[in-house]
A.B. asks: 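Just passing along the structure, written as structure tokens.
Numbered from 1 within each chain, the chains take letters A, B, ... in sequence-line order. Just so you know, these numbers come straight off a predicted model, no measurement behind them.
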Amino acid sequence: METPPVGLWEEAAQRFFKNKLAVVCLVIICIYSALAILTWLGLVATDYSVTSADSYAPPSKLHLFGTDIFGRDVLLRTIQGIRIAISIGLVTSLIAIPIGVFLGALAGYFGGRVDELIVWFYTTMDSIPDLLKIIALTFVLGRGLMSVYISIGFTTWVNLCRLVRGEFLKHKTRDYVHAASALGAGHLRKMFVHILPNVFHIILINFSSRFILGIKTEVVLSYLGLGVEPGQPSWGIMIDDAKLELARGVWWQLAAATFAMFFLVLAFYILTDALREALDPKLRNKT
Amino acid sequence: MLAYVVRRTLYVIPVVLGVTLITFILFNIVGGNPVYQKLGKHGSEAEIKILSHEMGLDLPLSQQYFFYLKQCVTFDFGRSWSTNQEISSMISAGIGPSLSLAVPAFATSVLLSIFIALGLAFFRNSIIDRVMVVTSLAGISISLLVYIIFFQYFLSYKLGLFPISGYDSTWSGRWEYLLLPGIIWVITSLGNEVLLYRTIILDEIFQDYVRTARAKGLSEKMVLFKHVLKNAMIPIITNVVLEIPFLYTGSLLLENFFGIPGLGGMTVQALANSDFPVIKTMTYVGSLLYVLFNLLSDLSYAFVDPRIELD
Amino acid sequence: MKKNLKTLFIFSLTSLALISCSNNKGDSRYENYVHEAIIANVKGFDPVASGEDLYSGIVMGQIYESLLQYNYLERPTHAEPNLADGMPKISNDGTTYTFKIKKGVYFHDDPCFKETNGKGRELEASDFIYSWKRTADPKTHSDTFWIFDGKVKGMNEWRDEASKAGVTDYSKPIEGLTALDKYTLQIKLKKPAPLFIYFMTMTGSVALPHEVAETYGPELQNHPVGTGPYKFRSWTRNAEVILDRNPNYREAYYPSKGEESDKAAGLLNDAGKKLPLNDGVIFTEVVEDQPRWLNFRKGIYDWINIPKDNFDSTVKNGELVDEFKNQGVVLTKWVDPDLTFDGFNMEDPLVGKNKYLRQAMSMAIDTNELIEKFYNGRAIGAQGPIPPTLVGYDPKRIDPYRQYNLEKAKELLKKAGYPGGKGLPEIVYELNNGGTYRQMAEFFQQEQAKIGIKIRINMDTWPEFLEKIKVRKAQMYGLAWSADYPDAENYLQLFYSKNASPGPNNSNYNNPEFDKLYEKASVMLDSPERNKLYQRMADIVVEDCPYIFDVHRKPHVLTQGWFKNYKRNFIILNYIKYYRIDLAEKAALKKKL
């Protein structure tokens, strides 16, 4: 039985770690994630909602990034914002990736009617402008972080589905799959035990790029009033507040949220690109 | 060939039908009742019943769906729930401003991106290349909203270089208001496009025929512009064509912030007002454009590039 | 490479060329036009379809006219004749109003007047009857019908008949609306309604010609024709509305007397001059605060209510900072008849049935901090349902539950059965998304957290918000109410049980004692006896706390040095005609900006 090339992951890891910039980005992402976990556990930045009389105080030793309208420390709020940003990437992946992979696998593997139906479905979904899809869902589901998770998750699986379908189409005719059939493997086993591992690298790349999409979308949603509920410190809400504050010279909330977002998103961009280079250079044009 | 064209064209129909179905489910079934906003402060139960009936809200769902289908086919989308204006006239009023912003900005960013991408391909693997790539990525790591807020404050207010917002519907007057939003549009699209075109061009450069051309003694510049660019234009144009359907919404945020009365601004307003007929229409039209342009691109690809495998 | 560069170069040149010959509103044609920014998008100009929308109403107020208007200078303001020739004769039993219409008033010229080749027709009494029938026509779904609903004899019957028949017959008469002759209109009410005079000033009661409705149908909302001092020219959606002076406007003059302080303020300089005092008006729709503020600073808008985020840099210690004074800008301070509040749904099993809970929440809010943070100190803490400037307002009233007292609040919460907030489920607060509302809601959330109450905020679009309230699903909601007419009844009606959702009593408050007092007062003219009833009603509402009364807002307005005759009264909509632009001053001052 032909197994997937054993060397793929080792080779990829070698290529990846040679890219110093990518490694730096990975480290940055790990730091952010660690902060996210720590805040989620309530060990860090717990005073983010402590109000003080010091409204709109500029950056100082006490408040590195100043305070907002309620005297809350902007740096602490920004750190809390990491939790929301990372959680959006994680949760939307948990929703979108299974859908994309499942549908893509079904379509690529079975072909025929099943394939036609699924391709029709995702072509239709894809025709609808992304933002409008997400907005429509948040209308329907109501506001709040939960809706943001669900609406982004349920509308961004198409690309992954396409790629997975393509891979399954390619692989189902390969020798190792025929061999598996000969040994009596059923459809499910062939799909998920044999072919799927060959698709993991695509999933990984997609996972990485998902954070970028999620973080940027949350900002736009919060501006439109369709994002997280008031009271939650998300970067989108901080930027939304900023548009009024800038006129009175309060620049620190905008700066904090933008910088935090900038480093994380840039890190993910570089990481995603490096992953692509390492895992399958041929995919560069498609993902 | 003909069979492919016919099949591909006909495929548009089930996709568009699918779009109407999805938008119908999303907006009609779960959409909510517009009656209350029309009633104003002093509504009464009787009024609610009459208005609901007038708006066809008490009909069975299947009937409502067929009515919606009819609207989509005849391009008569009824009236906005919040302003009671005819949606088709709202759209024709909004297209002008949207395209006035989108077309010049898009054209500029595409041309500029190709130019820069070519340069980067020429200087590939040099410091310039790496720096530009990271700069492009950095550029798109900042939210569009931040660019808008910052530039409007800094360039329009502090430095007084541009009007803060507004619009002049005369042909000569409008450009002054579109300049800053246009600039922001270009800056925020450059990143993505430069990276994409650079990749496409680099892919071409590594092809065999390029090596052959170089072996024949052609200079790098000649290779780049005569051969590579020509061949890279195909995927680039495909990409450009696929971007075009999204122009019509202008940019939701840009129009909203700069007070440009285009389709994007109209959509944002409709969102704030739960104006589902407008949102539905914009979704439908957007999808229609996307499907049609996709068709166009697929068909032209098939004609132009004999290497393409016809499905 | 060269090809691309050339294209870019040509493109930039062309753009620059186009910009330099750009034609904007700095054009001399509009120098003598009032330029006003409105803070929300306008919906349309059919008084029947958009009559209740404040901003559409402002534009319509310049195009259409009603029988009566409010006096511009006197305070408290009162109704005076507009299209009516003198105040109406009211029968002794208070049910019959006879109005004489001014002669020689013409509608704007418009192609819809086919018989006169586009020249406007003369206004007659029957035009009012036609216009008012339009509000009653079930097909128009007018939101202004309430001013006649249940009041005018025969009107509800006419409306019901039209409903049943499915077709509206405008030729069928209404018993209570008759044109005794070309210039005399008689209205018969079912019972005396002292407030009816005020309704005759409202947008819902304006006169429009049947020709315009017959010619344009529903497109009338984009093509208004009235008798007002301004004619409609154009409307660029979500951008601006331009109105030109009506060259055929009747004889109307700037008032010659007002309040004592008016003369010194220069408000009588144009006494006796023929209206309108300017050549037209441009309304620009600017929803976002910042662009509006910045354009005012550039001299584009003639006046502005200072946005919250610009206040501190503009006004110091109650005085305008020098930078503005040097540019000729003038600061004026006003009080509006308005009330912001947090409403409870009295039908909600949790908050509606627990008076102590409501009172506790009311006492947990530091109103002074609210006013500092969100209104720059430009508001008064409300002590009851009746706001200032209205007949019935008592400046000495103290609401015991609107004092900031955390100890008392905690005590009340204990009395309510939730000591320290234990056992109290989360309370949901509905809010219309926009501007600073989110931050104000967060403030509310924080204040309630101080006594242990958890609040969840739902940001809704306006229609969602309305729907939740009107179907009585909202638990708590944040809203403001601005006066429609200068009588406290406009606020007290918010607590009348018969006005419950979908009517204006959004809290669904139901108190039989209050209802009795309300019905008694509704047929009384202004008098000390009626005022006593008003105060008793306010007392009841204060004790029961269906609203947490927040503030009455005090707008601080900046006017450009060249802009004359600004005198704010929220209720007056047809004010543009009184404004004058001093062109010489404008040219001089604009250089300084």
A.B. asks: Go through the atoms of A/Leu224 and report whether side chain, backbone, both or neither lie under 4.5 Å from a heavy atom of chain B.
C.D. replies: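 Just its side chain gets close to chain B.
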
A.B. asks: Pick whichever of B/Val134, B/Ile22, B/Val146 has the most heavy-atom pairs under 4.5 Å with chain A.
C.D. replies: B/Val146

A.B. asks: Select, from B/Asn256, B/Leu145, B/Ile148, the one with the greatest count of heavy-atom pairs under 4.5 Å involving chain A.
C.D. replies: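 Sorted descending by pairs with chain A, the first entry is B/Leu145.
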
A.B. asks: From the options B/Tyr284, B/Tyr65, B/Phe276, select the one residue that forms a ring-ring contact (aromatic ring centres under 6.0 Å, His included) with B/Phe24.
C.D. replies: B/Tyr65

A.B. asks: Check the side chains of A/Ser208 and A/Thr272 for a donor-acceptor pair under 3.5 angstrom, ignoring hydrogens and angles.
C.D. replies: yes

A.B. asks: Is it the side chain or the backbone of B/Val291 that comes within 4.5 Å of chain A heavy atoms, both, or neither?
C.D. replies: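 Only the side chain of B/Val291 comes within 4.5 Å of chain A.
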
A.B. asks: Answer yes if the side chains of A/Asp240 and A/Ser222 hold a donor-acceptor pair under 3.5 Å, and no otherwise.
C.D. replies: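 A/Ser222 and A/Asp240 do not have a side-chain donor-acceptor pair below 3.5 Å.
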
A.B. asks: Heavy-atom distance under 4.5 Å to chain A: side chain of B/Leu253, backbone, both or neither?
C.D. replies: side chain

A.B. asks: Hey, is the main chain of A/Met125 close enough, under 3.5 Å, to the side chain of A/Lys133 for a donor-acceptor pair?
C.D. replies: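 Yes; judged by distance alone, with no hydrogens or angles, the pair exists.
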
A.B. asks: Crowded around B/Leu10 CG? As in, over 12 foreign heavy atoms under 6.0 Å?
C.D. replies: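 More than 12 within 6.0 Å, yes.
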
A.B. asks: With a 4.5 angstrom heavy-atom cut-off, is it the side chain or the backbone of A/Leu141 that approaches chain B, or both, or neither?
C.D. replies: neither

A.B. asks: Check for a donor-acceptor pair, side chain of B/Tyr147 on one end and backbone N or O of B/Gly139 on the other, with a separation under 3.5 Å.
C.D. replies: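 The answer is yes, because a donor-acceptor pair under 3.5 Å joins these two groups.
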
A.B. asks: Would the A/Trp157 and A/Phe121 ring centres measure less than 6.0 Å apart?
C.D. replies: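 Aromatic pair counts; centres sit under 6.0 Å.
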
A.B. asks: Are B/Phe257 and A/Tyr223 an aromatic pair, judged by ring center distance below 6.0 Å?
C.D. replies: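 Between B/Phe257 and A/Tyr223, which both carry aromatic rings, the centre distance is below 6.0 Å.
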
A.B. asks: For the interface with chain B, which of A/Val219, A/Thr123, A/Leu246, A/Ile128 has the highest count of heavy-atom pairs at distances below 4.5 Å?
C.D. replies: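 If we count pairs closer than 4.5 Å to chain B, A/Leu246 comes out on top.
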
A.B. asks: Return yes when atom CZ of A/Phe154 has more than 12 non-hydrogen atoms of other residues, nucleotides or ligands closer than 6.0 Å, and no otherwise.
C.D. replies: no

A.B. asks: So for B/Val15, is it side chain, backbone, both, or neither that comes closer than 4.5 Å to the heavy atoms of chain A?
C.D. replies: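 Contact with chain A is through both the backbone and side chain of B/Val15.
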
A.B. asks: Is chain A contacted by the side chain of B/Phe154, its backbone, both, or neither, given a heavy-atom distance below 4.5 Å?
C.D. replies: neither

A.B. asks: Determine the option with the most heavy-atom pairs under 4.5 angstrom with chain A, choosing from B/Val16, B/Ile149, B/Leu144, B/Leu17.
C.D. replies: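 Of B/Val16, B/Ile149, B/Leu144, B/Leu17, B/Ile149 has the most heavy-atom pairs under 4.5 Å with chain A.
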
A.B. asks: Checking B/Leu21 against chain A: side chain, backbone, both or neither under 4.5 Å from a heavy atom?
C.D. replies: neither

A.B. asks: Could you look at A/Ile215 and say if it's the side chain, the backbone, both or neither that has a heavy atom under 4.5 Å from chain B?
C.D. replies: neither

A.B. asks: Report the option among A/Ile239, A/Leu226, A/Ile212 that has the most heavy-atom pairs separated by less than 4.5 Å from atoms of chain B.
C.D. replies: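 Of A/Ile239, A/Leu226, A/Ile212, A/Ile239 has the most heavy-atom pairs under 4.5 Å with chain B.
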
